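Take a look at the structure set out below.
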Amino acid sequence: MRSKRLNSVFYGRDAADLARDLIGTILVRRVGSKELRARIVETEAYVGEHDLACHAARGRTARTEVMFGPGGHAYVYFIYGMYDMFNVVSGPAGDAQAVLIRAAEALGWNADLSGPGKLTRAMRITRAHNGVDLTGDKLFFLGNPGRRPRIVKAKRIGVDYAKHWKHALLRFVDGDSPALSRPVT
DNA sequence: GCGTCGATGGCA
DNA sequence: GCCATCGACGCG
């Protein structure tokens, strides 16, 4: 079954909706003459400047600049001295929301994509991709070609500093996937 | 199987 | 000093 490339209308919605709807979609990464594909199984929504877990909560800075732009662009940042995190900017320009891509299943190649740092390393996504248009040819998503996944909501990982926002159920997983970064408990 | 900890560098 | 992580290590 052939699926359509996700477009700016899809990305222009709230991060929580986008995070949920990205589960089951296919991430395509073209590098040289190769094409790496992966089925998204885990995401997290960071819903704007009022969300204390969202990087944009600390204002507009050089790092968070792309989050304040229009949806459908990559926000890639470097953390812990060795990992790049891949996010999809969500919502309209001026509304700093994004979806962190946390885990996926490799399609047609062998890789462990069960974590945000593992996923970017294996798919060769780096800070060089910060700001790239996800409706372009190097990095994009295809709509879910299969059956509707069983979506499970949970608390986001690693945001205990975020006061009451740490309890928000903004992590979305495919409840039937064996490739999650962590169990949902 | 579990919890703890070090690596490693950009950021505010 | 902290961090939207990962993998190695020690346990018993």
Side-chain angles (χ1 to χ4, degrees), chain A residues 11 13-23 25 27 29 36 38-69 71-91 95-106 110-132 134 139 141 151-174 177-185:
Chain A
Y11 296 120
R13 299 173 296 140
D14 284 344
D17 291 336
L18 180 60
R20 179 198 62 215
D21 291 345
L22 280 172
I23 302 297
T25 65
L27 175 61
R29 166 81 177 112
L36 303 175
R39 179 177 179 275
I40 304 301
V41 298
E42 177 176 346
T43 60
E44 282 177 359
Y46 291 83
V47 300
E49 294 172 85
H50 58 294
D51 173 3
L52 297 180
C54 184
H55 289 170
R58 283 166 330 252
R60 193 193 279 239
T61 68
R63 182 174 68 160
T64 60
E65 186 62 27
V66 306
M67 282 187 84
F68 287 85
H73 293 257
Y75 166 45
V76 185
Y77 67 91
F78 187 63
I79 194 166
Y80 297 123
M82 53 187 105
Y83 299 107
D84 290 294
M85 299 281 122
F86 172 46
N87 297 253
V88 177
V89 175
S90 169
D95 188 352
Q97 305 188 51
V99 174
L100 172 65
I101 306 300
R102 289 193 56 89
E105 295 168 358
N110 290 313
D112 176 7
L113 308 178
S114 63
K118 296 179 188 174
L119 183 148
T120 53
R121 192 185 39 183
M123 297 195 79
R124 315 232 213 129
I125 298 169
T126 73
R127 284 162 285 171
H129 298 98
N130 191 45
V132 308
L134 296 175
L139 190 60
F141 290 86
I151 304 289
V152 178
K153 292 196 268 188
K155 295 178 184 178
R156 294 174 291 184
I157 307 291
V159 296
D160 285 352
Y161 60 85
K163 306 250 170 58
H164 62 284
W165 279 95
K166 76 179 179 186
H167 303 300
L169 300 178
L170 291 172
R171 177 180 175 220
F172 300 84
V173 308
D174 175 345
S177 175
L180 304 182
S181 68
R182 295 172 49 172
V184 286
T185 69

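Residue numbers start from 1 in every chain, and the chains themselves are labelled A, B, ... in the order their sequence lines are given, proteins ahead of strands. Quick note: numbers below take in every heavy atom, side chains included, and nothing from hydrogens, waters or symmetry partners. All values reported here derive from a predicted model rather than from experimental measurement.
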(message) Within the 4.5 Å heavy-atom criterion, are A:Trp165 and A:Val159 side-chain neighbours or not?
(response) no

(request) Whole angstrom is fine here: how far is it from CD in A:Glu42 over to P in C:dA4? (result) 15 Å

(message) Quick check on DNA chain C: between A:Lys118 and A:Tyr46, whose nearest nucleotide comes earlier from the 5' end?
(response) A:Tyr46

(message) When you measure from the centre of the six-membered ring of A:Phe78, is the NZ or CZ of A:Arg127 closer than 6.0 Å and no more than 45° off the axis?
(response) yes

(message) Within the 4.5 Å heavy-atom criterion, are A:Val99 and A:Phe172 side-chain neighbours or not?
(response) no

(message) Just to be sure I understand the rule, does A:Arg171 reach a base, reach only the sugar-phosphate, or reach nothing, if contact means heavy atoms closer than 4.0 Å?
(response) nothing

(request) To the nearest 0.5 angstrom, please state how far the OH atom of A:Tyr11 sits from the NE2 atom of A:His73. (result) 10.5 Å

(request) Starting from C1' on B:dC11, measure out to CD on A:Glu65 and report it in whole angstrom. (result) 16 Å

(message) Keeping A:Ser90 on the side-chain end and A:Arg13 on the backbone end, is there a donor-acceptor pair under 3.5 Å?
(response) yes

(message) If the cut-off is 4.0 Å, is A:Arg102 near the phosphate of C:dT5, judged by side-chain N/O to OP1 or OP2?
(response) yes

(request) Spell out, as yes or no, whether a donor-acceptor pair under 3.5 Å connects the side chain of A:Asp112 to the backbone of A:Ser114. (result) yes

(message) Which nucleotide wins on minimum distance to the side chain of A:Pro116, given the candidates C:dA4, B:dG10, C:dC6?
(response) C:dC6

(request) Mind running a 4.0 Å heavy-atom check of residues 73-87 of chain A against DNA chain C and sending the residues that fall below it, in number order? (result) A:Tyr77, A:Ile79, A:Tyr80, A:Tyr83, A:Met85, A:Asn87

(request) Figure out the NZ/C1' separation between A:Lys166 and C:dC3, and round it to whole Å. (result) 16 Å

(request) Send over the distance from A:Asp160 CG to C:dA4 C1', rounded to a whole Å. (result) 11 Å

(request) Could you provide the dot-bracket string of DNA chain B, using ( ) for intrastrand pairs, [ ] for crossing pairs and | for bases paired to another strand, with Watson-Crick or G-U pairs below 3.5 Å? (result) |||||||.|||.

(message) Tell me which residues in residues 177-185 of chain A lie within less than 4.0 Å of DNA chain C, going by non-hydrogen atoms.
(response) none

(message) What I'd like to find out is whether the side chain of A:Leu169 reaches to under 4.5 Å of the side chain of A:Lys155, using heavy atoms alone.
(response) yes

(request) Would you check if the side chain of A:Ser177 reaches a backbone N or O of A:Val41 as a donor-acceptor pair within less than 3.5 Å? (result) no

(request) Take atom NE2 of A:His55 and atom C1' of B:dG10, then tell me their distance rounded to the nearest Å. (result) 11 Å

(request) Give one of base, sugar-phosphate or nothing for A:Leu100, where a contact means two heavy atoms less than 4.0 Å apart. (result) base

(request) Drop me the distance from A:Leu113's CG to A:Glu105's CD, to the nearest 0.5 angstrom. (result) 9.0 Å

(request) Choose from C:dC3, B:dC11, C:dT5 the nucleotide whose nearest atom is closest to any side-chain atom of A:Arg63. (result) B:dC11

(request) Report the relative orientation of the aromatic rings in A:Phe86 and A:Phe141; use parallel for angles under 30°, tilted for 30 to 60°, perpendicular for over 60°. (result) parallel

(request) Find the distance A:Leu113:CG to C:dT5:P and express it as a whole number of Å. (result) 16 Å

(request) Look at the side chain of A:Glu44 and the backbone N and O of A:Arg156, then say whether any donor-acceptor pair between them is shorter than 3.5 Å. (result) no

(request) Looking at every strand, decide which applies to A:Ala62 at a 4.0 Å heavy-atom threshold: base, sugar-phosphate, or nothing. (result) nothing

(request) Starting from P on C:dA4, measure out to NE2 on A:His167 and report it in whole angstrom. (result) 17 Å

(message) Please check this pair: side chain of A:Thr126 against backbone of A:Asp84, looking for a donor-acceptor N/O pair closer than 3.5 Å.
(response) no

